[in-house]
Amino acid sequence: RVYSHLDRTRLALIVRGRLVGLSVADIRDILDTYDKNGEEAQNAKALQVFSKRIAALEAQRREVEEALQTLKGAAARLTQSHSTAGIAAE
C-alpha cells in the first residue's frame with residue numbers, strides 16, 4: 001500500500017500519542033477535529049488533551065514520590081532494627 005503524506009503524518013501522531021499515554025479516543029478526537037475544523041482547531045484540541053495528560057502524569061509522579069518515600073523510610077527502619085538486633089545477639 002502507498003501511504004500519502006497525510007497518512008504518514010496521522011500514523012506518526014498515533015504512535016507518538018500512544019507513547020505518551022494518550023488514549024485511542026483522545027487521538028481520534030484530535031484527528032477528527034482536523035478533519036472537521038482544520039489545523040487551528042486541531043491545535044487547540046491537542047493543547048487541551050495534552051494539558052489534561054500532563055496533569056495526570058504529574059499527579060502520578062506525586063503518588064510515586066510518596067510511595068518511594070514511604071518505602072525508603074520503612075527500609076531504613078528495617079535496616080536500623082536489623083543492625084541493632086545483630087549487635088544485641090552478639
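Checked for salt-bridge contact, Asp35 and Arg10 meet the test: a charged N lies under 4.0 Å from a carboxylate O.
To the nearest 0.5 Å, the span separating CG on Asn43 from CD on Gln48 amounts to 13.0 Å. Atom-to-atom distance recorded for Ser51:OG and Ile54:CD1 is 5.5 Å, nearest 0.5 angstrom. The line from CD of Glu39 to OG1 of Thr33 is 12.5 Å long, rounded to the nearest 0.5 Å. Between atom CG of residue Leu47 and atom NZ of residue Lys52 there is a gap of 13.0 Å, rounded to the nearest 0.5 Å. One finds the CD atom of Glu63 at 12.5 Å from the CZ atom of Arg61 (value rounded to the nearest 0.5 Å). Residue Ile14 holds its CD1 atom at 10.0 Å from CZ of Arg28, rounded to the nearest 0.5 Å.
Counting only heavy atoms from C-beta outward, the side chains of Arg8 and His5 approach each other to under 4.5 Å. Contact annotation: the side chain of Leu22 approaches that of Val49 to within less than 4.5 Å [non-hydrogen atoms, C-beta and beyond]. In this structure, Asp7 and Arg1 have side chains that are in contact, with non-hydrogen atoms separated by less than 4.5 Å.
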> After noting the C-alpha distance and the side-chain angles of Glu66 and Gln69, does the key distance pass the side-chain contact (heavy atoms from CB on, under 4.5 Å) rule?
Replying inline: CA-CA 5 Å; Glu66 289 173 13; Gln69 291 305 316; 5.8 Å; no
> So Phe50 and Ile30, side-chain contact (heavy atoms from CB on, under 4.5 Å) or not? Walk me through it.
Replying inline: CA-CA 10 Å; Phe50 295 171; Ile30 293 168; 4.2 Å; yes
>> What verdict does the side-chain contact (heavy atoms from CB on, under 4.5 Å) test give for Asp32 and Lys45, after you've listed the backbone C-alpha separation in whole Å, the side-chain angles of each residue and the deciding distance to 0.1 Å?
In response: CA-CA 10 Å; Asp32 287 349; Lys45 179 65 176 178; over 6 Å; no
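Scanning both residues, Gln42 and Tyr34, for their nearest heavy atoms gives OE1-CD1, 3.3 Å.
Under the 4.5 Å side-chain heavy-atom criterion for ILVMFWY residues, no single connected hydrophobic cluster contains both Val64 and Leu57. Under the 4.5 Å side-chain heavy-atom criterion for Ile, Leu, Val, Met, Phe, Trp and Tyr, Val24 and Leu31 are members of distinct hydrophobic clusters.
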